Amino acid sequence: MARAVSELAHAGTLAFGGVGIAGSLLSETEAYQRIAAALTDQPDEVRDLLDRLLTTGTPAGRVYAATLLERLDPAEGQAAWAALRGDAAQLSTATGCVMGSTTVGEYAAERLAGAS
């Protein structure tokens, strides 16, 4: 678990599935999936780690943390997205073969809009 959290803390790109023509998983995507799998078995431990990631992670790490927190506790996840809405840090994204960029705040605003 510690290795996965460290990977997310330094994540450079937000990608929830395979990227590129080969559909390869980025190491941060694999870390996200490992932590997501632990949500049910270790919710308290994961929660503490996510709270830290929200403040100390890279832009992608903060978004991964808010996404996982929302899965663990939807109300807390919404609060995390609201807090990130003002974050102007650049965020690199990847979906399949498409690379993109936005800000953490714009991404958070989209998540909040989608929840209503």
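These numbers come from a predicted model, not from an experiment.
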Quiz item: How far does NE2 of H10 sit from OG of S27, to the nearest 0.5 angstrom?
Solution: 11.5 Å
Exercise. For Y32, check ring pair (Phe, Tyr, Trp, His ring centres under 6.0 Å) against everything at least two apart and list the hits.
Key: F16, Y64
Self-check item: Separation of L49 CG from L8 CG (nearest 0.5 Å)
Solution: 10.0 Å
Quiz item: Among all residues two or more places apart in sequence or in another chain, which pass the side chain to side chain contact (heavy atoms under 4.5 Å, CB included) test with A66?
Solution: L54, A80, W81, L84
Exercise. Indicate the atoms forming the closest heavy-atom contact of A11 with G61, along with that distance.
Key: CB-N, 4.1 Å
Quiz prompt | Gap separating the OG1 atom of T58 from the CG atom of L91, nearest 0.5 angstrom | solution = 8.5 Å
Quiz item: Only one of T55, D87, T56 clears side-chain hydrogen bond (donor to acceptor under 3.5 Å, both in side chains) with R62; which?
Solution: D87
Exercise. Dump the intermediate steps for side chain to side chain contact (heavy atoms under 4.5 Å, CB included) on V63 and R111, then the final yes or no.
Key: CA-CA 10 Å; V63 170; R111 289 299 292 254; 6.0 Å; no
Self-check item: Qualifying residues under side chain to side chain donor-acceptor pair (under 3.5 Å), relative to Q78, sequence neighbours excluded
Solution: E70
Quiz item: Taking all non-hydrogen atoms of both residues, which atom of P59 and which atom of V104 are closest, and how far apart?
Solution: CB-CG2, 3.6 Å
Quiz prompt | Heavy-atom pair of closest approach, residues L53 and A65 | solution = CB-CB, 3.6 Å
Practice problem: Tell me, please, which residues at least two apart from E7 pass salt bridge (charged side-chain N to carboxylate O under 4.0 Å, His left out). | Solution: none
Identify every side-chain donor-acceptor pair in residues 34-44 under 3.5 Å, counting partners at least two apart or on other chains, and give the distances.
none

Practice problem: Give the minimum heavy-atom separation between G17 and T29, together with the two atoms involved. | Solution: N-CG2, 4.0 Å
Self-check item: Smallest separation among heavy atoms of S92 and G12, with atom names
Solution: CB-O, 3.6 Å
Quiz item: Looking only at heavy atoms, which two atoms of L26 and A15 are closest? And how far apart?
Solution: CD1-CB, 3.9 Å
Self-check item: Contacts of type salt bridge (charged side-chain N to carboxylate O under 4.0 Å, His left out), residue E76, not counting sequence neighbours
Solution: R47
Quiz item: Does M1 reach the side chain of V46, with side-chain heavy atoms less than 4.5 Å apart?
Solution: yes
Exercise. Please answer: with hydrophobic residues joined when any side-chain heavy atoms are less than 4.5 Å apart, are L72 and L68 in the same cluster?
Key: yes
